Protein chains: 2
Amino acid sequence: MVISPDSRTVSTDVVVFTIRDERLQVLLVRRPREPYAGFWALPGGLVHDREDLDDCAARVLRQKASVAGVYLEQLYTFGRPDRDPRGRVVTVTYYALAPVARLGGALMTDTDARCWLPVDDLPALAFDHAEIVALAHQRLAAKLEYSTIALQFMGERFTLSELQCVYEVILGESLDKRNFRRRLRGLRCIEETGEWFRGGSHRPARLYRVRRPGQVEIFK
Amino acid sequence: MVISPDSRTVSTDVVVFTIRDERLQVLLVRRPREPYAGFWALPGGLVHDREDLDDCAARVLRQKASVAGVYLEQLYTFGRPDRDPRGRVVTVTYYALAPVARLGGALMTDTDARCWLPVDDLPALAFDHAEIVALAHQRLAAKLEYSTIALQFMGERFTLSELQCVYEVILGESLDKRNFRRRLRGLRCIEETGEWFRGGSHRPARLYRVRRPGQVEIFK
DNA sequence: GCAAAAGTGTTAGACCTACACCCATGA
DNA sequence: TCATGGGTGTAGGTCTAACACTTTTGC
């Protein structure tokens, strides 16, 4: 039961985003071997025999990046014949959003084999991974406008200023505080916790939580 | 030089849309062999050795559907392990928009091996192709709202009523004539030709043309 | 008391929606 | 002269964008 001799290698690569130090950052792993030995690359891996593509991406995320239970969405499939010098590899790419507050501290400390780097200041990456990151960033920015996807970056409780910062960092532009608050309140996707955050020598900020965590709502 | 034993078959399947008889229709080909022998299916084919995915989709479109030079965009990649009973096939799907006025008449006549069927009244299709068509329809409808993609369905010259019909048929709802015309004129993507269409026992209609044919503009 | 970030309303313009009648033609 | 589809404007509501000052806290 074989269809034909046209067999290809299929992999998934995952762009894991987080917001750290008020910048949009991507999780990268160091390539230990040729090709591109020593280069930073996206976490990725081959699709197993009886494994769905989504499951493969989630497994790669878990095994190579120690990230689980986060928002994960298929992005695009890249298959230029020469994109891997070893031979034909078609890669189904995904992007994931990891709330920095919910990741363990160990995951946030960079090592020689794994690190977070800001998307707007990346070194040369392996394969066509720079192109993949750029596309993922573009898609994420577009989704901010018509969905509640940004909430996937937030922890249990957060201030409106923190959320606004997420928007600003992804869009690469600053937003008006009053308009931002009015719009978000209008979406009815977050609610006050009644608690306050005291974080410096200034007035405390209200803490909010996501109304329906895990759900990304699309509007318009 | 082989990466690993994890090899998969990769194919592309293309959802070719057109507007005919004031309905959104899809091009289907009859499956001559098992599995799903006799069922209607999307035109598709295996990705060749040194062929890019986009090129493969264009070739499939040309060879299996005799359609060339039309708008073609990657849609989504499907890879459930059991989606093809013969074995593991990952399919990268595309959708294409074919302006009925520019297709040869021969292409528009249905045969036993190839036909156009309305998306909202399809028979059971082979594999997961019904799911693919539904997703393509959804994506197309979404793109109407923020791009000039609908113009890809139009011929050299067309009336505003024809264009409005395209929108209505894809969205599945009727639109207000005056608002529709105001909005489209505002987009500055079409222009008057100065010619008129006399098509029945009523007032003639202005003929328009696309300002930048082949270009799909995204706004907002 | 000073520095720092939190919080809060209003107004003008753009855009969207709903809605009804006259026009030009062929039969 | 009638049936058919082509063509046009206005008013009300909603949404968006621009804009500056007061509050509360820690030091």
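Only this structure's heavy atoms are used, side chains among them; waters, hydrogens and symmetry mates stay out. Worth saying up front: this structure is predicted, and the values here are computed from it rather than measured. Letters go in sequence order (proteins before strands), and every chain restarts at 1.
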Distance in angstrom units between A:K177 NZ and D:dT22 P, rounded: 14 Å
Distance, rounded to the nearest Å, where A:F197 contributes CZ and C:dG7 contributes C1': 16 Å
Side chain of A:P204 (C-beta onward), nearest among C:dT25, C:dT8, D:dT25: D:dT25
Distance, rounded to the nearest Å, where B:L184 contributes CG and C:dC16 contributes C1': 15 Å
Selected nucleotide, minimal atom distance to A:R182 side chain, candidates D:dT4, D:dG7, D:dA18: D:dA18
Check against salt bridge (charged side-chain N to carboxylate O under 4.0 Å, His left out), A:R23 and A:D21: CA-CA 5 Å; A:R23 300 181 86 173; A:D21 303 334; over 6 Å; no
Nucleotide nearest B:R198 (side chain, heavy atoms from C-beta), chosen from C:dT25, D:dT4, C:dG7: C:dT25
A:R30 NZ/CZ over A:W40 ring centroid, <6.0 Å and within 45° of normal: yes
Given C:dG7, D:dT25, D:dC19, the nucleotide with the shortest approach to the side chain of A:N179: D:dC19
N or O in side chain of A:R203 less than 4.0 angstrom from D:dT23 OP1/OP2: no
Euclidean distance, atom CG of residue B:D176 to atom C1' of D:dT8 [Å, nearest integer]: 12 Å
Under-3.5 Å donor-acceptor pair between B:R178 side chain and C:dA20 base: yes
Atom pair distance, as rounded to whole Å: CD in A:E192 and C1' in C:dG7: 12 Å
Distance, rounded to the nearest Å, where B:E145 contributes CD and C:dC16 contributes C1': 13 Å
Close side-chain approach of A:H129 and A:R83, heavy atoms under 4.5 Å: yes
Atom pair distance, as rounded to whole Å: CZ in B:R206 and C1' in D:dT8: 11 Å
Beyond-backbone contact of A:L163 with A:M154, side-chain heavy atoms, under 4.5 angstrom: yes
Residue that, paired with A:R209, satisfies side chain to side chain contact (heavy atoms under 4.5 Å, CB included) out of A:E191, A:E195, A:E156, A:E192: A:E191
DNA chain D: 5'-proximal contact among A:R183 and A:S201 (nearest heavy atom): A:R183
Minimum-distance nucleotide (side-chain atoms of A:H202 versus D:dT25, C:dA24, D:dG7): D:dT25
Ring centers of B:F219, B:Y146 separated by less than 6.0 Å: no
For DNA chain C, the residues among residues 150-173 of chain A that have a non-hydrogen atom under 4.0 Å from it: A:S161
Side-chain donor-acceptor contact under 3.5 Å, B:T91 with B:D13: yes
Distance, rounded to the nearest Å, where B:K220 contributes NZ and C:dC15 contributes P: 12 Å
